[in-house]
Amino acid sequence: MEQLHLEEEDKRDEEKEEEACCEWDLSLSTVVSSRTTTGVVSDALGVIEFDPSNTLIATGGIARKIRIYTLNSLVLPERKSEGENDATALFLDHANVCSYCVCTPAKLSSLRWKPGSGGAVIGSGDYDGVVMEYHLERRMPIFERDEHGGRRVWSVDYTHWDPVVGASGSDDGTMQIWDPRCGGDGGRCVAVTQPSAARSPVCCVEFNPFGGPLVAVGCADGKACGYDVRNMEGPVVVFDGHKKAVTYLKFQDSNTVVSAGTDGLLKLWNINDSSRAVRRYKGHVNNRSFVGLSVWRHGGLLGCGSENNQVFVYDKRWGKPIWAHGFEPASCSGFVSSVCWRQVAYDECTLVAGDSNGVLQVFVGKQKRSALSL
């Protein structure tokens with residue numbers, strides 16, 4: 001009955017919601033693909049991450065490589081400022097613009113730059129259930145942790161306070177928090193929790209990037225919650241509203257979380273009152289795959305992929321998309337599998353997206369003059 005009541009409230013909110021207004025001029029800037037491909041090896045991009053300086057981009061996926069790009073090699077300065085349209089987009093080859101690669105022993109599902117390392121260390125979670133850290137200047141692994149019984153690690157993250165500890169979520173149904181300084185090469189596990197009684201896979205973990213003890217966790221059975229890392233006996237907040245797997249949880253600010261699910265919805269939650277979602281976002285297609293989710297905190301925009309091979313952008317104030325763009329060429333089958341906003345500026349934005357065919361696209365935008373004058 002409670003679930004039915006929530007669904008009725010969602011329908012009423014959708015009916016009275018005002019039309020979404022796009023205050024941004026967004027356009028395709030760059031397309032990066034592989035011109036030489038046999039079609040045998042998949043190069044699906046499962047994760048994209050900007051480094052702390054927002055000048056480097058790391059990608060990972062099926063190809064067993066961490067690729068590092070400089071933003072300047074993908075977006076020319078004049079294109080950033082002029083906001084040219086899609087007809088003038090750059091078409092580049094991965095081999096020519098990738099600064100360097102780090103080969104990995106397994107397919108990658110997650111990447112995260114390690115805070116406090118000056119952009120020199122990146123952590124990864126892979127399909128073999130291993131968490132690794134790589135020193136990028138030396139192009140070699142410096143830390144390895146294999147505590148998930150060989151079950152795929154879907155997500156890794158780090159705290160944003162000192163000392164830095166890490167967390168990983170896995171197909172084994174657990175979220176583990178570990179301290180890489182302790183316990184030898186594999187670090188010491190300082191906490192383990194099983195969010196789902198059915199031991200449903202943990203799809204995403206994220207510490208509050210604004211500080212504080214909260215870590216958000218999402219599971220394949222639709223459960224999503226937050227734990228206080230000082231006491232992991234049970235969740236301190238529950239986000240109950242997705243009917244299918246919760247694939248991503250992202251902090252919009254210190255008190256607000258955005259969730260994504262394979263029920264085709266994004267939802268905005270107030271941590272201090274999570275009895276129901278503040279808003280839901282609908283328009284993209286997501287029934288089974290990880291399609292990416294990223295929040296641009298400065299501009300209040302949400303970006304996600306879609307199983308119809310499009311990138312969608314939502315303004316957090318409205319439930320309908322304000323912009324969508326298909327991947328080229330349109331004839332290619334596939335879906336947008338990863339997205340990441342650059343966390344800088346207020347009136348200019350950069351969104352990087354990757355798809356299941358290994359194509360990387362960069363979108364740039366500027367706030368419309370009419371919006372700036374408001």
Side-chain angles (χ1 to χ4, degrees), residues 19-33 35 45 48-50 54-57 59 69-94 96-97 266 281 283-285 291-318 320-332 334-374:
E19 195 68 26
C21 174
C22 183
E23 299 176 350
W24 299 87
D25 285 321
L26 294 154
S27 62
L28 175 65
S29 171
T30 309
V31 179
V32 186
S33 59
R35 296 192 180 100
L45 296 173
I48 301 170
E49 287 287 327
F50 273 98
N54 281 286
T55 59
L56 298 178
I57 299 167
T59 69
Y69 306 82
T70 64
L71 182 63
N72 286 339
S73 70
L74 300 179
V75 183
L76 298 179
E78 59 269 22
R79 291 177 185 268
K80 292 181 188 176
S81 59
E82 291 173 6
E84 299 179 10
N85 58 35
D86 292 1
T88 61
L90 288 171
F91 287 82
L92 305 172
D93 191 290
H94 283 293
N96 296 331
V97 294
L266 309 181
Y281 306 92
H284 61 290
V285 180
V291 297
L293 172 68
S294 184
V295 298
W296 181 36
R297 301 183 181 103
H298 298 294
L301 299 183
L302 320 177
C304 69
S306 178
E307 289 166 9
N308 63 359
N309 217 24
Q310 287 186 303
V311 180
F312 282 77
V313 173
Y314 297 88
D315 187 306
K316 70 176 185 178
R317 297 171 292 178
W318 297 294
K320 297 177 181 177
I322 61 169
W323 184 83
H325 194 287
F327 261 49
E328 300 292 341
S331 59
C332 279
F335 61 94
V336 175
S337 50
S338 51
V339 296
C340 190
W341 288 103
R342 188 175 185 232
Q343 298 294 337
V344 296
Y346 286 87
D347 59 349
E348 295 184 2
C349 59
T350 304
L351 176 66
V352 182
D355 77 353
S356 57
N357 296 309
V359 177
L360 195 68
Q361 294 198 3
V362 183
F363 303 92
V364 296
K366 297 184 71 174
Q367 196 165 21
K368 295 177 180 178
R369 291 182 180 179
S370 58
L372 288 170
S373 63
L374 293 176

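Side-chain atoms are counted along with the backbone in the values below, which use heavy atoms only and exclude waters and symmetry mates.
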Open item on the list: Going by the rule salt bridge (charged side-chain N to carboxylate O under 4.0 Å, His left out), which residues pair with Glu49 if we only count those two or more places apart in sequence or in a different chain?
Closed with: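 Listed in chain order: Arg112.
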Where is the tightest heavy-atom contact between [X] and [Y], given as atom of each residue plus distance?
X	Y	result
Gln343	Arg297	OE1-N, 3.2 Å
Val359	Phe327	O-CE2, 3.5 Å
Gly334	Ser356	CA-OG, 3.2 Å
Ile48	Cys340	O-CB, 3.5 Å
Trp341	Gly303	NE1-N, 3.2 Å

Task: Matching residue for Val362 among Leu90, Leu74, Ile57 - test: side-chain contact (heavy atoms from CB on, under 4.5 Å) - done: Leu74
Task: Identified side-chain contact (heavy atoms from CB on, under 4.5 Å) partner of Leu360 from the options Val31, Asp355, Thr59 - done: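 Result for side-chain contact (heavy atoms from CB on, under 4.5 Å) with Leu360: Thr59.
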- [ ] With Trp24 as reference, evaluate Trp296, Phe363, Tyr346 under the ring pair (Phe, Tyr, Trp, His ring centres under 6.0 Å) test and give the passing residue.
- [x]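 Option passing the ring pair (Phe, Tyr, Trp, His ring centres under 6.0 Å) with Trp24: Trp296.
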TODO: Show your reasoning for whether side chain to side chain contact (heavy atoms under 4.5 Å, CB included) applies to Gln361 and Val311.
DONE: CA-CA 10 Å; Gln361 294 198 3; Val311 180; 5.8 Å; no
- [ ] Please test Leu351 against Val339 for side chain to side chain contact (heavy atoms under 4.5 Å, CB included), starting from the C-alpha separation and ending with a verdict.
- [x] CA-CA 7 Å; Leu351 176 66; Val339 296; 4.3 Å; yes
TODO: Kindly write out the residues that satisfy ring pair (Phe, Tyr, Trp, His ring centres under 6.0 Å) with Tyr314, not counting sequence neighbours, or none if the list is empty.
DONE: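 Tyr314 satisfies ring pair (Phe, Tyr, Trp, His ring centres under 6.0 Å) with Tyr281, His284 once adjacent residues are dropped.
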Open item on the list: Is any side-chain heavy atom of His325 closer than 4.5 Å to one of Leu28?
Closed with: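 The answer is yes; the side chains approach within 4.5 Å.
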Task: Minimum side-chain heavy-atom gap Cys21-Asp315 below 4.5 Å - done: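 No - every pair of side-chain heavy atoms lies 4.5 Å or more apart.
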Task: With Ser337 via side-chain hydrogen bond (donor to acceptor under 3.5 Å, both in side chains) - residues at least two apart - done: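 Expected list: none.
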Which distance, rounded to the nearest 0.5 Å, do you find between the [atom1] of [X] and the [atom2] of [Y]?
X	Y	atom1	atom2	answer
Phe50	Thr55	CZ	OG1	9.0 Å
Asn309	Asn357	CG	CG	6.5 Å
Arg342	Leu71	CZ	CG	5.0 Å
Lys366	Leu26	NZ	CG	12.5 Å

Open item on the list: Walk me through whether Val364 and Ser27 qualify under side chain to side chain contact (heavy atoms under 4.5 Å, CB included).
Closed with: CA-CA 6 Å; Val364 296; Ser27 62; 4.0 Å; yes
TODO: Take the angle between the ring planes of Tyr69 and His94 and call it parallel below 30°, perpendicular above 60°, tilted in between.
DONE: tilted
TODO: Start with the C-alpha distance between Val295 and Leu301, add both sets of side-chain angles, then the distance that settles side chain to side chain contact (heavy atoms under 4.5 Å, CB included), and finish with yes or no.
DONE: CA-CA 6 Å; Val295 298; Leu301 299 183; over 6 Å; no
TODO: Scan side-chain atoms only and decide if Ser306 and Asn308 contain a donor-acceptor pair under the 3.5 Å cut-off.
DONE: yes
